[in-house]
Amino acid sequence: MSVAIAEDVVAEIQSLKKQLGATILAHYYQEGEIQELADITGDSLKLAREATKVESPVIVFCGVHFMAETAKMLNPSKKVLLPDMKAGCSLSDSCPADKLHRYQEMLRENGHKFQTVTYINSSAAVKALSDWVVTSGNAEEIIRRVPSEYEILFVPDRHLGRYLSEVTGRQMILWNGSCMVHEIFSVQDLLKLKKQMPAGKTLAHPECPANILEHADFIGGTEAMIKYVGSFKEPVDFLVATEANMMWQLQSRFAQHRYHPVPGITCACNKCPHMALNTLEKLRDCMLHQSPEIIWQPEFDQARKVLEKSLLNPAPAVKHPAGD
Ligand code: SF4
């Protein structure tokens with residue numbers, strides 16, 4: 001898209017936003033041009049919480065399907081629009097609700113007494129089968145709230161689950177899912193970058209496998225990364241192992257530093273193809289047509305209860321060094 005056309009589309013979006021009385025929420029993994037237009041940017045936890053404070057009748061959610069679904073569940077009376085209904089998530093897809101239900105039944109039949117702790121990157125139907133929903137920002141806190149007499153079935157991200165099991169000391173039964181973006185960072189390329197920049201600091205998202213996390217100076221979700229980077233006043237080279245658009249957010253907040261993406265094995269940019277389905281034109285069109293819209297589904301009733309208990313009623317503060 002040429003600069004002039006992009007400027008026109010941005011002007012149309014701003015005018016539609018006023019007409020509709022809409023609030024635009026954008027995840028840090030959206031393109032910078034979309035983040036720039038948003039009223040609120042954030043990680044899954046921040047956006048879910050912020051969505052409950054929105055006063056406007058329409059929420060336009062620039063993120064993937066499970067995020068828009070979460071915003072709807074927490075705001076049943078609002079119209080929630082998603083620029084592209086096909087913006088899914090490989091991690092969410094790795095745990096279909098019927099398969100999880102069968103697995104839970106099998107565990108119960110075999111005498112396991114467990115609670116299901118589910119990463120927010122999952123469908124509403126999966127959340128409805130869960131005891132808790134966590135994000136990378138509050139997972140440690142929630143896991144510490146699960147009574148010790150219960151085993152923990154952690155779904156769907158096996159890497160995040162393994163990491164959380166290590167930091168909390170809780171044994172977990174791990175679902176075998178993963179994120180297609182965070183799973184493919186190349187250890188060899190990371191080590192090469194570290195050699196070129198020995199004073200550099202490596203940031204890694206806990207959705208990355210252990211072989212990346214073991215070389216990280218900092219492990220945490222995207223909000224925690226922002227706090228960590230913000231604590232450095234002098235210029236630093238940061239090697240970033242998370243979705244590449246996160247660097248736009250870091251660059252715009254802390255321009256004194258340099259940011260280097262850790263390359264993937266198969267792709268040098270590490271952009272999420274699902275997030276990338278949302279474009280400026282689709283953002284404009286969804287406001288123009290007030291569609292696609294997230295429509296209330298029967299499973300939302302139970303999923304909403306689990307979400308509210310997990311995300312909106314934080315326990316008294318506990319120390320959790322990595323996440324936010
Ligand atoms: S980055 Fe990974 S976890 Fe996030 S939406 Fe894309 S596929 Fe899903």
Side-chain angles (χ1 to χ4, degrees), residues 25-32 34-35 38 41-48 51 61-71 82-97 117-127 133-139 154-164 174-186 203-209 212-213 219-226 240-250 261-279 282 294 323-324:
L25 271 55
H27 193 272
Y28 293 138
Y29 294 167
Q30 291 288 283
E31 287 291 338
I34 291 181
Q35 292 192 52
T41 52
D43 68 350
S44 302
L45 178 59
K46 181 178 168 195
L47 292 176
F61 204 107
C62 298
V64 293
H65 188 268
F66 75 81
M67 296 176 180
E69 216 178 39
T70 301
L82 175 64
D84 190 324
M85 204 49 111
K86 292 195 287 302
C89 167
S90 65
L91 185 49
S92 174
D93 291 347
S94 67
C95 186
V117 177
T118 296
Y119 192 32
I120 197 165
N121 298 35
S122 52
S123 67
V126 164
K127 289 182 176 85
V133 171
V134 302
T135 70
S136 53
N138 75 347
F154 189 86
V155 304
D157 190 335
R158 67 176 186 273
H159 299 304
L160 179 62
R162 188 210 57 79
Y163 170 73
L164 289 167
L174 301 178
W175 190 266
N176 191 22
S178 62
C179 159
M180 63 188 290
V181 176
H182 288 90
E183 187 155 69
I184 60 158
F185 290 111
S186 157
L203 312 173
H205 194 285
E207 285 174 27
C208 295
I212 293 291
L213 298 186
I219 300 169
T222 47
E223 290 295 340
M225 279 183 193
I226 289 171
V240 184
T242 190
E243 209 274 354
N245 284 314
M246 182 60 195
M247 284 182 290
W248 181 90
Q249 184 64 227
L250 292 171
V262 176
I265 297 163
T266 53
C267 159
C269 72
N270 291 314
K271 289 203 174 178
C272 172
H274 307 290
M275 291 275 181
L277 288 174
N278 295 325
T279 60
K282 288 182 196 167
I294 303 288
D324 179 4

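Counting starts at 1 for both ligands and their atoms, following the listed order. Every value quoted in this text rests on a predicted model; they were computed, and no experiment measured them.
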Name all residues meeting the side chain to side chain contact (heavy atoms under 4.5 Å, CB included) criterion together with Ala241; count only those two or more places apart in sequence or in a different chain, and write none if there are none.
Phe185, Ala204, Cys208, Ile212, Val262
Do the charged groups of Lys127 and Glu69 touch, with an N to O distance under 4.0 Å?
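No, this pair does not count.
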Thinking salt bridges, do Glu207 and Arg158 make one under a 4.0 Å N-O criterion?
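Between Arg158 and Glu207 there is no salt bridge, as every charged N stays at least 4.0 Å from the carboxylate O atoms.
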Residue pair Phe66 / Ser122, side-chain heavy-atom distance below 4.5 Å:
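No. Closest side-chain heavy atoms not under 4.5 Å.
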With side chains defined as the heavy atoms from C-beta onward, is the minimum distance between Val181 and Tyr29 less than 4.5 Å?
no
Apply the test side-chain hydrogen bond (donor to acceptor under 3.5 Å, both in side chains) to residues Ser178 and Glu183: give CA-CA distance (whole Å), side-chain angles for both, the deciding distance (0.1 Å), then the verdict.
CA-CA 7 Å; Ser178 62; Glu183 187 155 69; 2.9 Å; yes
Under 2.8 Å from atom 2 (Fe) of ligand 1, the protein N, O or S atoms, given as residue and atom:
Cys179 SG
